Enquirer: 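My structure is below; once you've seen it, I'll send some questions.
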2 protein chains.
Amino acid sequence: MDSKQNILIKFGDRVREIRKEKGLSQEELAHKADLHRTYIGMIERAEKNITLINIEKIANALEVNIKELLE
Amino acid sequence: MDSKQNILIKFGDRVREIRKEKGLSQEELAHKADLHRTYIGMIERAEKNITLINIEKIANALEVNIKELLE
DNA sequence: GCTTAAACAACAGACTATAATTAGCATTAT
DNA sequence: ATAATGCTAATTATAGTCTGTTGTTTAAGC
């Protein structure tokens, strides 16, 4: 993951936006999603090409539909 | 990817459904998406936990919005 | 205002697990 | 018979985990 892809930037921004709306820290979100603290940061910064299963985990932890993370 | 996850099954089914609607073979879709023929098969059979960038490639090749692959 | 502390996030590096690519052959349609 | 798909196996690339450190933001105290 060198040059950041547009879709990853959009996704990461959306995660951060909703996470803050819900008043969660990266660490709290990570715990709810059963993912690592630093990994959430990497996703928000578009440094990793997230897989579908983890997309779903984050959507569940944020209590939103997956589709809301992709618009 | 041993035990197939529900979301991957749903995604794979949806890809296959739309691919057939468009009258494409796996090989033709693979070519349009710049992915390998057998990989498309694996996705349709829910054998791989696809990443967001490849989700987008397939959506573009099928000429649908990503969200349509997730409903 | 200006500290200080604490919580939060960015970043680096090393490691492990697995996604992604590919070839070859078997099977199932049409 | 041909085209399309399934399946196996092996390799390469990278997603995902984790520890530790550095930087930034926030809010309290004086």
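As the structure is a prediction and not an experimental result, all values here were calculated from the model. Numbers restart at 1 for each chain; the letters A, B, ... are given by sequence-line order, proteins then strands.
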Enquirer: May I ask you to verify if any side-chain N or O of B/R19 is less than 4.0 angstrom from the OP1 or OP2 atom of D/dT5?
Expert: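 Looking at the OP1 and OP2 atoms of D/dT5, one of them is under 4.0 Å from a side-chain N or O of B/R19.
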
Enquirer: Same cluster or not: A/I18 versus B/I66, using hydrophobic residues (I, L, V, M, F, W, Y) connected whenever any side-chain heavy atoms lie under 4.5 Å apart?
Expert: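 Yes, A/I18 connects to B/I66 through the hydrophobic network.
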
Enquirer: Would you say a side-chain N or O of B/Q26 is under 4.0 Å from OP1 or OP2 of D/dG6?
Expert: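 So the side chain of B/Q26 is within the cut-off, an N or O lying under 4.0 Å from OP1 or OP2 of D/dG6.
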
Enquirer: Is there a side-chain polar atom (N or O) of A/R16 under 4.0 Å from OP1 or OP2 of C/dA10?
Expert: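 For A/R16, the contact criterion (side-chain N or O under 4.0 Å from OP1 or OP2 of C/dA10) is met.
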
Enquirer: Using the rule that Ile, Leu, Val, Met, Phe, Trp and Tyr join whenever any side-chain heavy atoms are under 4.5 Å apart, tell me whether B/I53 and B/Y39 fall into a single cluster.
Expert: yes

Enquirer: Side-chain N or O of A/N54 less than 4.0 angstrom from OP1 or OP2 on D/dG16?
Expert: yes

Enquirer: Which one of A/I58, A/L35, A/V15 satisfies the side-chain contact (heavy atoms from CB on, under 4.5 Å) criterion with A/I50?
Expert: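 Exactly one candidate clears the test, A/I58.
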
Enquirer: Using whole Å, what does the distance between atom P of nucleotide C/dA23 and atom CZ of B/R37 come to?
Expert: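 So the two atoms are 10 Å apart, to the nearest Å.
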
Enquirer: Does any N or O donor sit under 3.5 Å from an N or O acceptor when you compare the side chain of A/S25 with the base of C/dC8?
Expert: no

Enquirer: State whether B/R14 and B/E44 are salt-bridged, where the test is any N-O pair (Lys NZ or Arg NE/NH1/NH2 against Asp/Glu carboxylate O) under 4.0 Å.
Expert: no

Enquirer: Is any side-chain nitrogen or oxygen of B/R45 closer than 4.0 Å to OP1 or OP2 of D/dG6?
Expert: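 True: B/R45 side-chain N/O within range (under 4.0 Å) of D/dG6 OP1/OP2.
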
Enquirer: Which whole-number value in Å describes the distance from B/E28 CD to D/dA3 P?
Expert: 12 Å

Enquirer: Just how far, in rounded Å, is P of C/dC11 from CD of A/E44?
Expert: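 That distance rounds to 12 Å.
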
Enquirer: Can we say B/E17 and B/K10 salt-bridge, meaning some charged N sits less than 4.0 Å from an Asp/Glu carboxylate O?
Expert: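 Answer for the salt bridge query: no.
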
Enquirer: Report the distance from atom CD1 of B/I43 to atom P of D/dC7, rounded to the nearest whole Å.
Expert: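 Those two atoms, CD1 and P, are 15 Å apart.
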
Enquirer: Nearest to the side chain of B/M42, which nucleotide is it out of C/dA10, D/dA9, D/dG16?
Expert: D/dA9

Enquirer: For C/dA20, take OP1 and OP2 only and decide whether either is under 4.0 Å from a side-chain N or O of B/Y39.
Expert: yes

Enquirer: Rounded to the Å, how far apart are B/H36 NE2 and D/dA10 P?
Expert: 17 Å

Enquirer: Starting at atom CG of A/L8, determine the distance to atom P of D/dG16, rounded to an integer number of angstrom.
Expert: 11 Å

Enquirer: Is any side-chain nitrogen or oxygen of B/T51 closer than 4.0 Å to OP1 or OP2 of C/dA20?
Expert: yes

Enquirer: Tell me: CG of A/L29 to P of C/dA10, nearest whole Å?
Expert: 13 Å

Enquirer: Figure out the CD/C1' separation between B/E47 and D/dA9, and round it to whole Å.
Expert: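 One finds 13 Å between C1' of D/dA9 and CD of B/E47, rounded.
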
Enquirer: Using OP1 and OP2 only, check whether a side-chain N or O of B/T38 sits under 4.0 Å from D/dC7.
Expert: no

